[in-house]
Amino acid sequence: MADKKILIIEDEPTEVFALKKILQEANFKTSSASDGEEGLKKIKQNFPDLVLLDIRIPKINGFDFLQFVKKEDKTKNIPIIMLTNIEDKESIKRALALGASGYFVKAKTSPHELIGTIDKQINKKNETRE
């Protein structure tokens with residue numbers, strides 16, 4: 001998975017630091033955005049292989065971000081995994097209905113589980129391209 005780019009959209013610096021460390025140890029390149037507006041700019045400039053997205057982020061929340069990205073032809077095929085501490089059924093259903101590729105609760109997800117899902121999503125995306 002070397003050279004695969006992951007965009008982390010998260011407003012908690014400690015979460016970003018931890019995620020970057022985990023992802024870089026798994027040989028992913030990482031970038032981050034601390035709000036939805038910055039995330040939209042970065043996704044359109046860098047076209048990452050996958051996005052990790054929190055729901056509660058400033059300026060444009062995770063649901064609205066997901067909606068914008070999935071409507072755009074250039075970004076709609078980028079897998080987006082929700083990584084949040086919101087675990088109610090309605091939020092999960094809403095995120096998946098809007099096009100999220102997965103939904104994980106931060107406190108209940110191991111780094112191993114997250115990396116496994118990221119690998120699967122990137123491989124799936126690459127298979128549909130060929």
Side-chain angles (χ1 to χ4, degrees):
M1 285 291 129
D3 294 340
K4 296 297 178 182
K5 299 179 292 188
I6 310 291
L7 173 60
I8 302 163
I9 305 175
E10 166 67 61
D11 64 331
E12 283 295 320
T14 52
E15 292 282 341
V16 173
F17 179 79
L19 284 168
K20 280 187 171 191
K21 190 174 191 310
I22 291 164
L23 294 168
Q24 288 166 355
E25 285 174 3
N27 294 316
F28 291 106
K29 289 184 175 181
T30 62
S31 61
S32 63
S34 59
D35 63 59
E37 227 172 66
E38 182 185 2
L40 281 176
K41 284 180 191 161
K42 286 193 174 186
I43 200 171
K44 289 176 183 178
Q45 289 170 344
N46 304 326
F47 298 100
D49 294 287
L50 185 134
V51 175
L52 291 177
L53 176 64
D54 193 4
I55 291 173
R56 287 190 187 129
I57 50 175
K59 297 187 182 174
I60 299 172
N61 72 41
F63 292 124
D64 291 342
F65 178 91
L66 186 56
Q67 218 168 357
F68 289 137
V69 170
K70 293 301 176 181
K71 281 183 182 173
E72 292 281 325
D73 282 341
K74 290 182 179 180
T75 57
K76 68 181 179 187
N77 294 322
I78 297 171
I80 298 177
I81 295 174
M82 305 306 283
L83 186 62
T84 184
N85 277 321
I86 298 172
E87 57 181 313
D88 65 275
K89 286 184 170 123
E90 284 306 306
S91 294
I92 296 167
K93 279 172 43 179
R94 183 176 176 198
L96 296 174
L98 289 171
S101 300
Y103 192 106
F104 291 94
V105 177
K106 293 175 193 174
K108 296 181 179 180
T109 303
S110 71
H112 179 75
E113 186 180 7
L114 186 62
I115 295 298
T117 300
I118 289 169
D119 282 340
K120 280 182 202 158
Q121 288 300 321
I122 288 175
N123 287 333
K124 194 166 143 187
K125 177 185 166 204
N126 289 338
E127 285 170 14
T128 56
R129 260 198 208 148
E130 293 168 2

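Quantities reported herein were computed from a predicted structural model and do not represent experimental measurements.
If you chain together hydrophobic residues whose side chains sit under 4.5 Å apart, Ile92 and Phe104 never meet in one group.
Every residue was checked against the salt bridge (Lys or Arg N to Asp or Glu O under 4.0 Å) condition with Glu15, not counting sequence neighbours, and none meets it. Residues satisfying the salt bridge (Lys or Arg N to Asp or Glu O under 4.0 Å) test with Lys71, not counting sequence neighbours, are none. With sequence neighbours excluded, the residues satisfying salt bridge (Lys or Arg N to Asp or Glu O under 4.0 Å) with Asp35 are Lys59.
The closest side-chain heavy-atom distance from Thr30 to Gln24 is below 4.5 Å. Contact of the Ile57 side chain with the Glu10 side chain is not registered, since no non-hydrogen atoms from C-beta on lie closer than 4.5 Å. A 4.5 Å side-chain heavy-atom check between Lys124 and Pro79 finds every atom pair outside the cut-off. Using a 4.5 Å cut-off on side-chain heavy atoms (C-beta onward), Ile80 and Ile9 make no contact. Proximity of Gln121 to Ile118: side-chain heavy atoms (C-beta onward) are nowhere separated by under 4.5 Å.
Considering all non-hydrogen atoms of both residues, Leu40 and Phe65 come closest at N-CE1, 3.4 Å. Summarising the geometry of Leu66 relative to Gly99, their closest heavy-atom pair is CD1-C, 4.2 Å, with the distance given to 0.1 Å. The nearest pair of heavy atoms linking Ile86 to Asp88 is CG2-OD1, 3.0 Å. Of all heavy-atom pairs spanning Pro48 and Ile43, the tightest one is CD-CG1, 3.7 Å. Scanning both residues, Ala95 and Tyr103, for their nearest heavy atoms gives CB-CD1, 3.7 Å. For the residue pair Ala100 and Met82, the shortest heavy atom distance occurs at CB-CG, 3.7 Å.
Atom CZ of Phe17 has 12 or fewer heavy atoms from other residues, nucleotides or ligands within 6.0 Å.
When atom types are taken as modelled, the side chain of Lys70 and the backbone of Lys76 share a donor-acceptor pair closer than 3.5 angstrom. Formation of a donor-acceptor pair under 3.5 Å by the Glu12 side chain with backbone atoms of Thr14 is not found in this model.
The side-chain contact (heavy atoms from CB on, under 4.5 Å) test with Leu83 singles out one residue from Leu53, Ile8, Leu114, Thr117, and that residue is Leu114.
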- [ ] Begin from the C-alpha positions of Asp54 and Lys106 and carry the test salt bridge (Lys or Arg N to Asp or Glu O under 4.0 Å) through to its verdict.
- [x] CA-CA 9 Å; Asp54 193 4; Lys106 293 175 193 174; 3.3 Å; yes
TODO: For the pair Glu38 and Lys42, evaluate salt bridge (Lys or Arg N to Asp or Glu O under 4.0 Å) and give the outcome as yes or no after the intermediate values.
DONE: CA-CA 6 Å; Glu38 182 185 2; Lys42 286 193 174 186; 3.5 Å; yes
- [ ] Start with the C-alpha distance between Leu19 and Ile6, add both sets of side-chain angles, then the distance that settles side-chain contact (heavy atoms from CB on, under 4.5 Å), and finish with yes or no.
- [x] CA-CA 10 Å; Leu19 284 168; Ile6 310 291; over 6 Å; no
